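Small disclaimer: the values here were computed from a predicted structure and weren't measured. All values below were derived from every heavy atom in this structure, side-chain atoms included, with hydrogens, water molecules and symmetry-related copies excluded.
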Protein chains: 2
Amino acid sequence: MGKQMTEMLKGTLEGIVLALLADRPAYGYEITARLREQGFSDIVEGTVYALLVRVEQRGLVDVEKVPSEKGPPRKVYSLNPQGRAYLDEFWRTWSFLAERIGQLHDDTEGDD
Amino acid sequence: MGKQMTEMLKGTLEGIVLALLADRPAYGYEITARLREQGFSDIVEGTVYALLVRVEQRGLVDVEKVPSEKGPPRKVYSLNPQGRAYLDEFWRTWSFLAERIGQLHDDTEGDD
DNA sequence: TCTCGGTACTCGGTGTCACTGGGTACTGGT
DNA sequence: ACCAGTACCCAGTGACACCGAGTACCGAGA
């Protein structure tokens with residue numbers, strides 16, 4: 001979608017993935033697929049895997065290795081309490097930002 | 001506000017500043033002050049100035065030097081047609097992202 | 001006069017993040 | 001034997017907000 005989206009995803013993609021995990025546990029390949037379904041068509045696997053490594057090292061998710069019928073074993077990630085708290089904080093930050101920007105949009109859209 | 005806000009501002013702060021300039025021309029110091037008024041209390045001058053240099057070099061804004069009664073001359077930035085087009089693109093990208101994330105929020109908020 | 005605080009802009013270095021473009025390994029079908 | 005799909009990993013790149021410090025210009029008070 002372009003460079004603007006790339007920059008905008010910094011900081012938000014993490015929240016998006018954690019929100020997906022809050023819904024239900026999932027593994028990397030699956031998360032990538034879900035993101036693509038939701039319209040984030042050019043988010044590639046490498047990005048998601050790197051992100052998952054990060055959140056794991058920060059202790060926001062629990063990991064369980066589950067054998068797959070097809071291919072290597074899956075690493076299934078699930079949100080733990082710490083992750084949930086972090087996600088809460090993410091929503092607060094997001095709401096604040098979205099509100100300001102929404103207001104800015106309303107103020108400036110009348111003149112084009 | 002914390003690290004999450006820092007990361008989230010990547011890509012969005014640029015749009016915010018351009019939106020401010022779409023409202024009316026302004027200079028760096030003033031923009032910083034306006035941002036603080038709007039609640040972005042810990043955005044420091046250095047960040048804003050660096051951003052302005054960037055958008056100037058990309059040709060999104062026009063610059064005019066105006067003498068100040070107090071201190072060094074002001075560099076007054078105003079959005080030009082290219083910048084307006086870029087801002088339009090920003091709003092499209094933002095709307096897309098905000099819609100997905102908003103939906104994600106609605107889906108997951110019911111279970112805490 | 002000298003200092004201090006407010007105004008206004010500049011700059012080098014840091015950490016974080018999404019992206020790129022590869023690679024490994026396991027399975028089933030042809 | 002080969003290939004496509006599944007599933008994960010990794011080193012390097014560019015962009016960006018932040019940090020801390022510096023420069024310069026002005027008016028007011030000690």
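Sorted by residue number, the members of residues 6-14 of chain B with any non-hydrogen atom under 4.0 Å from DNA chain D read Thr6(B), Leu9(B), Lys10(B), Gly11(B), Leu13(B), Glu14(B). Taking a 4.0 Å limit (strictly below) on heavy-atom distances, residues 49-65 of chain B reaches DNA chain C at Tyr49(B).
Arg36(A) places a side-chain N or O within 3.5 Å of a backbone atom of Ile43(A) that can act as its donor or acceptor partner. The main-chain N or O of Gly2(B) is never found under 3.5 Å from a side-chain atom of Glu89(A) such that the two would form a donor-acceptor pair. The main-chain N or O of Leu79(A) is never found under 3.5 Å from a side-chain atom of Asp62(A) such that the two would form a donor-acceptor pair. Counting only distance, with no hydrogens or angles, the side chain of Asp107(B) and the backbone of Asp23(A) share no donor-acceptor pair below 3.5 Å.
Put simply, Leu35(B) and Val44(B) are part of two different groups of oily side chains (I, L, V, M, F, W, Y) that touch within less than 4.5 Å, one to the next. Under the 4.5 Å side-chain heavy-atom criterion for ILVMFWY residues, no single connected hydrophobic cluster contains both Val17(A) and Tyr27(A). Both Met8(B) and Leu87(A) are assigned to one and the same hydrophobic cluster, defined by single-linkage of ILVMFWY side chains at heavy-atom distances under 4.5 Å. Leu52(A) and Val76(A) fall into different hydrophobic clusters, where Ile, Leu, Val, Met, Phe, Trp and Tyr side chains are chained together by heavy-atom contacts under 4.5 Å.
On the nucleic acid side, DNA chain D contacts chain A at distances under 4.0 Å to non-hydrogen atoms, with the end points of that region at dT6(D) to dC16(D).
Between Tyr27(B) and dA8(C) there is a side-chain polar atom (N or O) within less than 4.0 angstrom of OP1 or OP2.
With sequence neighbours left out, the salt bridge (charged side-chain N to carboxylate O under 4.0 Å, His left out) criterion links Glu45(A) to no other residue.
Judged as a salt bridge (Lys or Arg N to Asp or Glu O under 4.0 Å), not a single pair has a partner in residues 64-74 of chain A (not counting sequence neighbours).
Per the geometry, CD1 belonging to Ile43(A) stands 17 Å off P belonging to dG21(C), to the nearest Å.
At a threshold of 4.0 Å, the pair Glu30(B)-Arg34(B) counts as salt-bridged, since one of the basic side-chain nitrogens sits closer than that to a carboxylate oxygen. Ion pairing between a basic and an acidic side chain is recognised when a charged N comes within 4.0 Å of a carboxylate O; Arg58(A) and Glu14(A) show such pairing.
Here Phe96(A) and Phe40(B) bring their ring centres to under 6.0 angstrom of each other.
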Report summary line: Counting primed atoms, P, OP1 and OP2 as sugar-phosphate and everything else as base, the B/S/- map of nucleotides 22-30 of chain C against protein heavy atoms under 4.0 Å is ---BBS---
